[in-house]
Number of protein chains: 2
Amino acid sequence: MAYHHGNARAALLAAAAELLEGEGAARLSLRQCAERAGLSRQAPYNHFADKEALLAELVREGYQRLGERLRSDARPGDAPLDRLARAAGIYIAFGQGTPALFRLMFGKELVDLSRHDEARQAASAALAELSAIVAAMAPATDTREVSLVGWSLVHGYTSLCIETGLEGPAQRKHRSDLFARTIEALARAPAA
Amino acid sequence: MAYHHGNARAALLAAAAELLEGEGAARLSLRQCAERAGLSRQAPYNHFADKEALLAELVREGYQRLGERLRSDARPGDAPLDRLARAAGIYIAFGQGTPALFRLMFGKELVDLSRHDEARQAASAALAELSAIVAAMAPATDTREVSLVGWSLVHGYTSLCIETGLEGPAQRKHRSDLFARTIEALARAPAA
DNA sequence: GACCTCATGTTGACAATGTCAATATAGTCG
DNA sequence: CGACTATATTGACATTGTCAACATGAGGTC
């Protein structure tokens, strides 16, 4: 290896991403990432302010990917119910496929988004995608409430599957449909 | 302080509980707890196998408290909808009132319940309380699905409030009612 | 080419933490 | 009283985040 790595930042992020699901974010060490990237233990500090900053970049990438998946799932002539069911499936699959990343993205103990603008923006963009999909199920006066229920529901289910083993990927499709039906039932119910 | 503390275990747990919300569980150190309890750094190991075991005891206590709150909220002649709305409020209040404890209880990175029988039993008992309350909303054939939606919903909302600042305690009552209505709408919807 | 600047890289160092090991204390029992 | 044992302290060690000092080399200027 030449003195200058030439691609140190990317190598560090790649190393971190590779280690994340095995170690979990709390146990992931900067030294471990540096070693895996063929760098010394101080090298990450040339590219990231501290450990949190490196994790925040992983978070940003995660939201970008999630948002992209939601966006690219749009189909011409989609019925809102079908669109929502598929979006729920995408969200759940994302969480179940990369549990440690999901936990990092939606937790504030290790990465506080208020301190990381770019990651926060990526989060907002991804969640706006989901929100719009859910809101399409509702009368205009109820979109905020229905979006909130939709997000809470799919997020809660995903988190509980990851953290408590509530259910596995085999149930995903069935549950996505159940959640879409739930939102539909709420959107149709008479307002309080 | 006499050589033998006389109440070391309880003092350690009290110290941990006091420090938990300030530090967060990941940053909470056993040494800090020991110091706060007036003990040396090795003393916790006389009472707990390791750091995780001490945290697991906090988790057990947390579930016990949550379960007790749900149980003691029962009122004679309660309508299922009212009972559910109040239960949702209790769950959300618990999470918002002790966010770090909530995160610890419902996360498996720091405490894996499969390794801590008593904590796991306390969790099952508390969640069975919630499940029964939600299930009372549903026809007998649908109780599993409705319970799953109920838990996912209230859990997701609580978690998102804690981790993303989705909403604050001022909205709790209104949202509890919304969630109860959502479950009601689902329970009444024609099955797929 | 020599010199300067600066971003990036290495190594030494330090404090903090989890946990192991050796030693000390004191309560209980026969 | 001696033996035993649970509990407590202190020494030690490996690991980790991060600071500081020093080293490297690419790019720019003269």
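So that the names make sense, note that chain A is the first sequence line, chain B the second, and so on, each numbered from 1. The figures that follow rest on heavy atoms only: side chains count, while hydrogens, waters and symmetry mates do not.
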Inset, instruction - Heavy atoms under 4.0 Å is the rule here; annotate nucleotides 5-18 of chain D 5' to 3' with B where the base is hit, S where only the sugar-phosphate is, and - elsewhere. - result: --BBBBBB---BBB

Could you tell me if [Y] and [X] have a donor-acceptor pair between their side chains, going purely by distance under 3.5 Å?
{"X": "B:Tyr91", "Y": "B:Trp151", "answer": "yes"}
{"X": "B:Glu52", "Y": "B:His116", "answer": "yes"}
{"X": "A:Arg36", "Y": "A:Gln32", "answer": "no"}

Legend entry - NZ/NE/NH1/NH2 to OD/OE distance under 4.0 Å, B:Arg144 and A:Glu167: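 The answer is yes: the pair qualifies as a salt bridge.
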
Inset, instruction - Send over the distance from A:Glu35 CD to C:dG9 P, rounded to a whole Å. - result: 17 Å

Inset, instruction - Look at atom CD of A:Glu21 and say whether more than 12 heavy atoms of other residues, nucleotides or ligands are closer to it than 6.0 Å. - result: yes

